[in-house]
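Pasting in a structure now, in structure tokens, and then I'll have a few things to ask.
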Amino acid sequence: MENASIAKILEEYAKYLEINNEDFFRVRAYNAAVRSLLGLDFNIAEKLKSGEDLPKIKGVGKNILSHIEEIVNFGTFQELEDIKSNTPEILIVMNKIPGVGAKKAYKIYKELRVNSLGELEYACIENRLAMLEGFGEKSQNKILKNIEYVKLSMQRRLLADAGETAEKIRRFFESLNYVEKFEIAGSYRRKLETVKDLDLVIVGQEGSSVLEKISNENFFDEIKRGGEKLISAVLDGMQVDLRCFDKSEFYSALHHFTGSKAHHEQLRGIAKSKGLKINEYCIFQGDKRIEVNSEEEIYKILGLKYVPPEMREGIFEFRDDIDFSNLISEKDIKGIFHIHTNYSDGSMGLQDILDYCKSKNYKYAGISDHSRSAFYAGGLKDEELLEQIEKIDAINAENSEFFIFKGIESDILPDGSLDYSDDVLQNLDFVIASVHSGFNMTKPEMTERIVRAVNNPYTKILGHPTGRLLLSREGYDVDVYEIIRQCCRNNVAIELNCNPYRLDIDWRYLQVLVKEGGKVILCPDAHSKKGFEDIKYGVFMARKGGLPPDCVLNTLDKKEMTAYLLGNF
DNA sequence: GCCGTTTTCGGCCCGACTGTTTTCAGTCG
């Protein structure tokens with residue numbers, strides 16, 4: 001069982017504790033343990049089963065550990081099952097309505113005896129909610145409206161989609177002469193793979209009531225009410241929170257609203273232990289206000305290394321074995337692998353790809369169309385692949401300063417074999433092995449299937465290792481730790497697929513891979529010219545996982561990459 | 001529920017906004 005699966009179950013328990021109005025610190029203890037589990041670089045279930053001593057895990061004491069043991073053995077634990085069977089589902093559902101927390105949900109349930117959102121809606125229409133103590137007409141209207149949001153699901157969206165709205169906002173704010181400074185903070189700035197809302201930190205020109213002016217600009221689709229320092233607006237169906245600060249407060253505010261909550265909780269604890277207090281305005285030492293002129297300064301004052309926004313998730317950033325100053329960046333990428341051409345379902349020809357890559361100053365490309373089992377994607381038959389190989393050889397012969405590696409994205413067949421005979425495969429420089437069908441296998445079966453493919457001497461890269469599609473499909477059930485170990489053992493690089501829907505392997509696993517001495521390759525899985533641009537999302541994720549350039553395969557130059565593919569690097 | 005070089009008990013991060021209430025609890029980020 002994966003640590004993330006255990007974490008998910010503990011997180012669910014925390015949610016149930018919260019909705020049952022249990023001690024706030026108890027809830028927090030569970031959430032802290034969840035973060036701790038996500039940051040581990042060993043598999044707890046395996047350690048427990050092997051009988052080895054489990055190292056001390058921060059935030060996991062006697063109680064939570066016994067829950068974990070139960071989860072590992074039975075997939076759940078008794079207290080969770082008990083609380084679930086004693087907690088009406090509607091409480092959890094109501095808690096999703098903005099403005100309805102644990103206490104209100106409980107009160108509504110107890111007094112109005114509603115069992116579904118529909119019944120709550122009806123109770124609002126009948127004016128019964130407004131009659132409850134602590135509620136009034138305004139609360140009722142707000143809840144009625146927010147039920148709609150829950151129904152339409154003010155859902156999270158992909159980082160790339162949020163980016164379009166964010167850039168629209170950026171362009172608009174740049175055009176406002178009464179806005180002196182602004183930045184988009186929140187999970188968007190942290191480059192989380194999905195984003196719920198956008199948080200803006202704004203400094204207006206002196207004397208201007210900037211939020212009021214913005215409200216009058218007619219830019220947002222809707223302005224919800226707000227105060228002098230905060231207004232909430234809606235654009236493209238996304239909630240946008242705008243917060244206004246004095247110039248001297250900008251970096252404290254930017255830092256604060258970049259989050260994450262988990263990062264700040266830990267940071268404030270550290271501040272407190274040093275006799276400091278940190279909030280969104282500045283840092284205090286007793287009553288003395290310490291001016292802050294950059295985010296770097298904040299960490300310096302706290303005696304910490306600077307943590308880039310991507311890493312502020314409360315998971316890896318307080319470890320001392322990660323060098324935040326040496327994270328991968330886009331300029332380190334020397335070449336691009338996993339490109340589809342018009343031989344299968346891509347839109348570009350070989351020459352287009354060559355021209356594009358040269359214009360971006362890449363030194364090499366790796367072509368890998370779909371394999372013959374992928375009928376739906378026009379997978380290449382043996383003779384088509386051999387023809388493509390010949391064409392690439394001809395192009396390479398004419399180009400001295402750029403090189404195309406010949407490859408294929410081979411389906412991993414249900415028995416773990418690749419899609420072509422060795423006679424065909426031996427003509428290639430590399431194989432990306434990927435699962436594209438037959439997702440409904442048991443975990444041991446799927447793991448064995450992939451392990452077999454990884455052990456095939458022709459496999460050089462494992463494509464999108466879990467097959468997840470963000471916001472629409474969970475990955476297939478597979479032992480990711482075992483897969484990582486096997487890849488490392490066989491010198492197979494693990495793809496971090498940069499398509500915004502995939503971003504697979506999940507960045508939370510990257511430290512495991514680093515510790516095992518493995519390599520990641522950032523691949524856009526490009527089917528068109530635009531697809532190449534997705535590389536940036538992969539770089540964001542790699543940074544979130546704390547990856548240095550030397551763990552990323554496509555930072556190698558052409559000569560090194562050739563040696564690697566030949567097994568000589 | 002976890003933690004500890006002042007502590008094995010008593011802490012545990014901080015502030016804005018809202019709505020309902022006459023001084024504050026609940027929610028959110």
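Order of the sequence lines fixes the chain letters, A, B, ..., with proteins taken first and strands second; residue numbering starts at 1 for each chain.
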CD1 of A/I278 versus P of B/dG15: gap in Å, rounded?
->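 In whole Å, B/dG15 P and A/I278 CD1 are 11 Å from each other.
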Hey, is the side chain of A/S260 poking within less than 4.0 Å of OP1 or OP2 on B/dG29, counting only N and O atoms?
->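 For B/dG29, OP1/OP2 do not have a side-chain N/O of A/S260 under 4.0 Å.
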Roughly, in whole Å, what's the span from CZ in A/R28 to P in B/dG29?
->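 Spelled out: CZ on A/R28 to P on B/dG29 is 18 Å.
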To the nearest Å, how far apart are A/N141 CG and B/dT18 C1'?
->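 Rounded to whole Å, this separation is 14 Å.
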Checking A/K104 against A/F135: charged group under 6.0 Å from the ring centre and within 45 degrees of the axis?
->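 The answer is yes; both the distance and angle limits are met.
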What's the NE2-C1' distance between A/H264 and B/dC12, to the nearest Å?
->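 Rounding to the nearest Å, NE2 of A/H264 and C1' of B/dC12 are 18 Å apart.
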Testing A/F250, A/F182, A/Y251 for side chain to side chain contact (heavy atoms under 4.5 Å, CB included) with A/V201, which one passes?
->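 Checked A/F250, A/F182, A/Y251 against A/V201; only one passes side chain to side chain contact (heavy atoms under 4.5 Å, CB included): A/F250.
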Select base, sugar-phosphate, or nothing to describe what A/A271 touches, counting heavy atoms under 4.0 Å on all strands.
->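 No contact.
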Please report the C-alpha distance between A/Y299 and A/Y306 in whole Å, then the side-chain angles of each, then the deciding distance to 0.1 Å, and finally whether the ring-ring contact (aromatic ring centres under 6.0 Å, His included) criterion is met.
-> CA-CA 5 Å; A/Y299 290 94; A/Y306 173 70; 5.7 Å; yes
Among A/K305, A/H263, A/Q266, whose side-chain hydrogen bond (donor to acceptor under 3.5 Å, both in side chains) with A/E317 holds?
->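 Passing option: A/H263.
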Taking the side chain of A/D197 as its heavy atoms from C-beta onward, which of B/dG26, B/dG29, B/dG19 lies nearest to it?
->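 Minimum distance to the A/D197 side chain belongs to B/dG29.
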Nearest of B/dT27, B/dC14, B/dG29 to any side-chain atom of A/K104?
->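 When the side chain of A/K104 is considered, B/dT27 is the closest of B/dT27, B/dC14, B/dG29.
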Whole-Å distance between B/dC12 C1' and A/R35 CZ?
->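 Nearest whole value for this atom pair: 12 Å.
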Answer with base, sugar-phosphate or nothing: what part of the nucleic acid does A/E280 contact at a heavy-atom distance below 4.0 Å?
->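 Answer is sugar-phosphate: A/E280 comes under 4.0 Å of backbone atoms only.
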In whole angstroms, how far is the C1' atom of B/dC28 from the CD atom of A/E18?
->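 Taking CD of A/E18 and C1' of B/dC28, I get 11 Å after rounding.
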Counting just side-chain N and O atoms, does A/K261 come under 4.0 Å of either OP1 or OP2 of B/dG29?
->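 Looking at the OP1 and OP2 atoms of B/dG29, neither is under 4.0 Å from any side-chain N or O of A/K261.
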Full working for side chain to side chain contact (heavy atoms under 4.5 Å, CB included) between A/I92 and A/N95 | CA-CA 5 Å; A/I92 301 285; A/N95 191 221; 5.6 Å; no
Nearest listed nucleotide, side chain of A/K229, among B/dT18, B/dA16, B/dG1 |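 Nearest to the side chain of A/K229 among the choices is B/dA16.
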Mind checking what makes side-chain contact (heavy atoms from CB on, under 4.5 Å) contact with A/Y122, not counting sequence neighbours?
->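 If we apply the side-chain contact (heavy atoms from CB on, under 4.5 Å) test to A/Y122, skipping adjacent residues, the hits are A/E126, A/R128.
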So which one's nearest nucleotide on DNA chain B is more toward 5', A/G136 or A/R243?
->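 The residue whose closest nucleotide sits nearer the 5' end is A/G136.
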With a 4.0 Å cut-off on heavy atoms, is A/E22 in touch with a base, just the backbone sugar-phosphate, or nothing at all?
->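 Contact class for A/E22: none.
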Considering residues at least two apart in sequence or located in another chain, which fulfil the salt bridge (charged side-chain N to carboxylate O under 4.0 Å, His left out) criterion with A/K103?
->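 Counting only residues at least two positions away or on another chain, A/K103 forms no salt bridge (charged side-chain N to carboxylate O under 4.0 Å, His left out).
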Could A/K47 and A/F42 be counted as a cation-pi pair, given that NZ or CZ must be under 6.0 Å from the ring centre and within 45° of the axis?
->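 Yes, a cation-pi geometry.
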Touch check for A/V27, heavy atoms < 4.0 angstrom, all strands: base, sugar-phosphate only, or nothing?
->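 Result for A/V27 = nothing.
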Gap between atoms NZ and C1', on A/K107 and B/dG19 respectively (whole Å) =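 Nearest whole value for this atom pair: 14 Å.
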Rounded C1' spacing from B/dG26 to B/dT21 in Å =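 Their C1' atoms lie roughly 13 Å apart.
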For the side chain of A/K272, counting heavy atoms from C-beta on, which of B/dG29, B/dC14, B/dG15 is nearest?
->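 The closest nucleotide is B/dC14.
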Nearest of B/dG29, B/dC14, B/dG1 to any side-chain atom of A/K196?
->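 That would be B/dG29.
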Pairwise P distance, B/dT5 and B/dG1 [rounded to whole Å] =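 Looking at atom P only, B/dG1 and B/dT5 are 23 Å apart.
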With a 4.0 Å cut-off on heavy atoms, is A/F24 in touch with a base, just the backbone sugar-phosphate, or nothing at all?
->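 Here A/F24 touches no strand at all.
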A/F172 ring center near A/F219 ring center (under 6.0 Å) |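 Centroid separation for A/F172 and A/F219: below 6.0 Å.
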Name the closest nucleotide to the A/K142 side chain, picking from B/dG19, B/dC14, B/dG29.
->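 Minimum distance to the A/K142 side chain belongs to B/dG19.
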Would you mind reading off the distance between A/N146 atom CG and B/dC28 atom P, rounded to a whole angstrom?
->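 The answer, rounded to whole Å, is 10 Å.
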Residues in contact with DNA chain B, drawn from residues 83-98 of chain A - heavy-atom cutoff 4.0 Å |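 Correct list: A/I97, A/P98.
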Nearest listed nucleotide, side chain of A/K56, among B/dG1, B/dC3, B/dC12 |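 That would be B/dC3.
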Tell me which of A/V100 and A/G59 sits closer to the 5' end of DNA chain B, going by the nucleotide each one is nearest to.
->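 The answer here is A/G59.
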Complementary nucleotide of B/dA25, counting Watson-Crick and G-U pairs under 3.5 Å =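 B/dA25 is paired with B/dT18.
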Any A/K62 side-chain nitrogen or oxygen under 4.0 Å from OP1 or OP2 of B/dG1 |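 No, outside the criterion.
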Please state the C1' separation for the pair B/dT23 and B/dG19 - nearest whole angstrom.
->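 These two C1' atoms come out 13 Å apart once rounded.
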Within the structure shown, what part of the strands sits under 4.0 Å from A/D23 by heavy-atom distance: base, sugar-phosphate, or nothing?
->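 Base: the residue A/D23, judged by heavy atoms under 4.0 Å, touches a nucleobase.
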Counting side-chain heavy atoms from CB outward, which of B/dC2, B/dC17, B/dG19 is closest to A/A29?
->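 In terms of side-chain proximity for A/A29, the closest of B/dC2, B/dC17, B/dG19 is B/dC2.
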What's the closest nucleotide to the A/Y281 side chain, out of B/dA16, B/dC2, B/dC12?
->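 Among the listed nucleotides, the one closest to the side chain of A/Y281 is B/dA16.
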Pair A/E18, A/N20: side-chain N/O donor-acceptor within cut-off below 3.5 Å |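 Judged by distance alone, the side chains do not pair up.
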